[in-house]
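Here's the structure, in C-alpha cells; my notes come after.
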Amino acid sequence: MTPMDLALKEAQAAAARGEVPVGAAVLAPDGTVLGQASNRTEADRDASAHAEMLALRAAARRLGTPRLVGCDLVATLEPCPMCAAALVHFRIRRLVFGAYDPKGGGVEHGPRMFDAPGCLHRPEVVGGVRETECAALLQDFFRGLRG
C-alpha cells in the first residue's frame with residue numbers, strides 16, 4: 001500500500017463518519033508510517049483537528065520529539081494555512097498532496113506559507129498526486145451534503 005493509499009483510506013473513513021474527507025500520513029525517512037489520521041473536527045469539536053495536524057502530532061509522540069526532521073507528510077488535499085504553518089514548525093522534509101484547494105489552500109494558493117519572507121523552513125512540495133481521485137472524494141462528499 002502506497003502512502004497516498006493510506007491517506008485515501010483515512011479520507012474515506014472520515015467521509016463515512018460525516019467528516020470532510022481528508023486523510024494524511026507521516027513517513028519516517030525510511031518510509032515507515034509514523035502517524036496517520038483523518039479529519040476529526042466534528043467528532044472532537046476541535047477546529048484544529050485536521051488530518052494533517054493529527055498525523056503530525058501522532059508522529060511526534062511516537063518519535064518523542066517536537067520536530068520531524070527528514071520526515072514526509074502525504075495528504076489528500078493541499079494543506080490549509082494552519083496546517084502549512086505546522087509543517088514549517090514540525091520541520092517536515094517533503095509535502096506530497098493530492099487535490100489542490102484554490103479556496104482554502106495555504107501552499108500553492110492563498111497565503112502560500114512557504115513563500116513568505118519570514119518562513120523559517122521550506123519543505124519540498126509535490127502537488128497533484130492522484131489529484132483526480134482525491135478531488136472526486138471531496139466533490140462526492142459535498143454533493144451529498146447539498147442533496
Side-chain angles (χ1 to χ4, degrees), residues 2-15 17-139 141-142 145:
T2 70
M4 187 57 82
D5 287 330
L6 291 174
L8 280 162
K9 183 178 175 184
E10 289 288 344
Q12 291 161 350
R17 294 190 315 270
E19 299 273 359
V20 175
V22 177
V26 176
L27 308 171
D30 69 0
T32 302
V33 177
L34 298 173
Q36 62 189 76
S38 55
N39 276 359
R40 294 191 51 83
T41 57
E42 301 300 328
D44 293 357
R45 293 175 177 80
D46 178 355
S48 71
H50 290 194
E52 301 94 328
M53 298 294 286
L54 298 173
L56 290 164
R57 291 172 185 155
R61 276 192 307 274
R62 181 164 175 189
L63 293 178
T65 178
R67 281 166 289 289
L68 301 171
V69 176
C71 295
D72 299 341
L73 181 118
V74 177
T76 57
L77 181 65
E78 175 185 349
C80 72
M82 173 185 68
C83 293
L87 295 177
V88 170
H89 290 284
F90 276 99
R91 302 295 194 268
I92 287 293
R93 176 181 65 143
R94 179 184 302 124
L95 163 65
V96 176
F97 69 86
Y100 289 88
D101 188 355
K103 290 182 183 177
V107 176
E108 300 288 335
H109 296 89
R112 297 179 181 260
M113 300 297 289
F114 307 147
D115 293 338
C119 186
L120 303 172
H121 171 76
R122 291 174 174 84
E124 176 187 343
V125 177
V126 179
V129 175
R130 293 171 67 179
E131 179 180 6
T132 303
E133 189 175 356
C134 292
L137 259 178
L138 289 156
Q139 291 163 350
F141 177 80
F142 287 113
L145 289 181

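Worth knowing before you read on, the calculation uses all heavy atoms, side chains too, and leaves out hydrogens, waters and symmetry mates.
- Cys71 and Pro29 make their closest contact through SG-CD, 4.0 Å (heavy atoms, listed as atom of the first residue, atom of the second, distance).
- Distance check: Arg40 CZ to Met53 CE gives 15.0 Å after rounding to the nearest 0.5 Å.
- The shortest heavy-atom contact between Leu77 and Tyr100 is CD1-O, 4.0 Å.
- Distance check, rounded to the nearest 0.5 Å: CD1 of Ile92 to CD of Glu124 gives 12.5 Å.
- Proximity of a side-chain donor or acceptor of Thr76 to a complementary backbone N or O of Gly23 within less than 3.5 Å is detected.
- Here the closest heavy-atom approach between residue Phe90 and residue Pro66 is recorded as CD2-O, 3.4 Å.
- The side-chain contact (heavy atoms from CB on, under 4.5 Å) check on Glu42 picks up Glu19, with sequence neighbours excluded.
- In plain terms, the two heavy atoms of Pro21 and Ala15 that are nearest each other are CB-CB, 3.8 Å.
- Judged purely by atom type and a 3.5 angstrom limit, Glu78 uses its side chain to pair as donor or acceptor with the backbone of Val107.
- Checking side-chain atoms of Asn39 against main-chain N and O of Thr41 turns up no donor-acceptor pair under 3.5 Å.
- With values rounded to the nearest 0.5 angstrom, Leu54 atom CG is found 7.5 Å from Ser48 atom OG.
- Nearest heavy atoms, Gly104 versus Pro81: O-CD, 3.3 Å.
- At least one donor-acceptor pair closer than 3.5 Å links the side chain of Arg122 to the backbone N or O of Phe114.
- Looking at heavy atoms from C-beta onward, Met82 lies out of side-chain contact with Glu52 at the 4.5 angstrom threshold.
- In this structure, the side chain of His109 does not engage the main chain of Lys103 through any donor-acceptor pair within 3.5 Å.
- In this structure, Val26 and Val33 have side chains that are not in contact, with every pair of non-hydrogen atoms separated by 4.5 Å or more.
- Residues Asp72 and Val96 fail the side-chain proximity criterion, which asks for heavy atoms closer than 4.5 Å.
- Note that CD of Gln12 is 13.5 Å distant from CZ of Phe141, once rounded to the nearest 0.5 Å.
- Taken to the nearest 0.5 Å, the CG atom of Leu34 stands 7.5 Å off from the CG atom of Leu68.
- Side-chain contact between Val88 and Met113: absent, with no pair of heavy atoms (C-beta onward) separated by less than 4.5 Å.
- Val74 is not listed as a side-chain neighbour of Leu6, based on a closest heavy-atom distance of 4.5 Å or more.
- With values rounded to the nearest 0.5 angstrom, Thr32 atom OG1 is found 7.0 Å from Arg62 atom CZ.
- Gly106 approaches Ala84 most closely through the heavy-atom pair O-CB, 4.0 Å.
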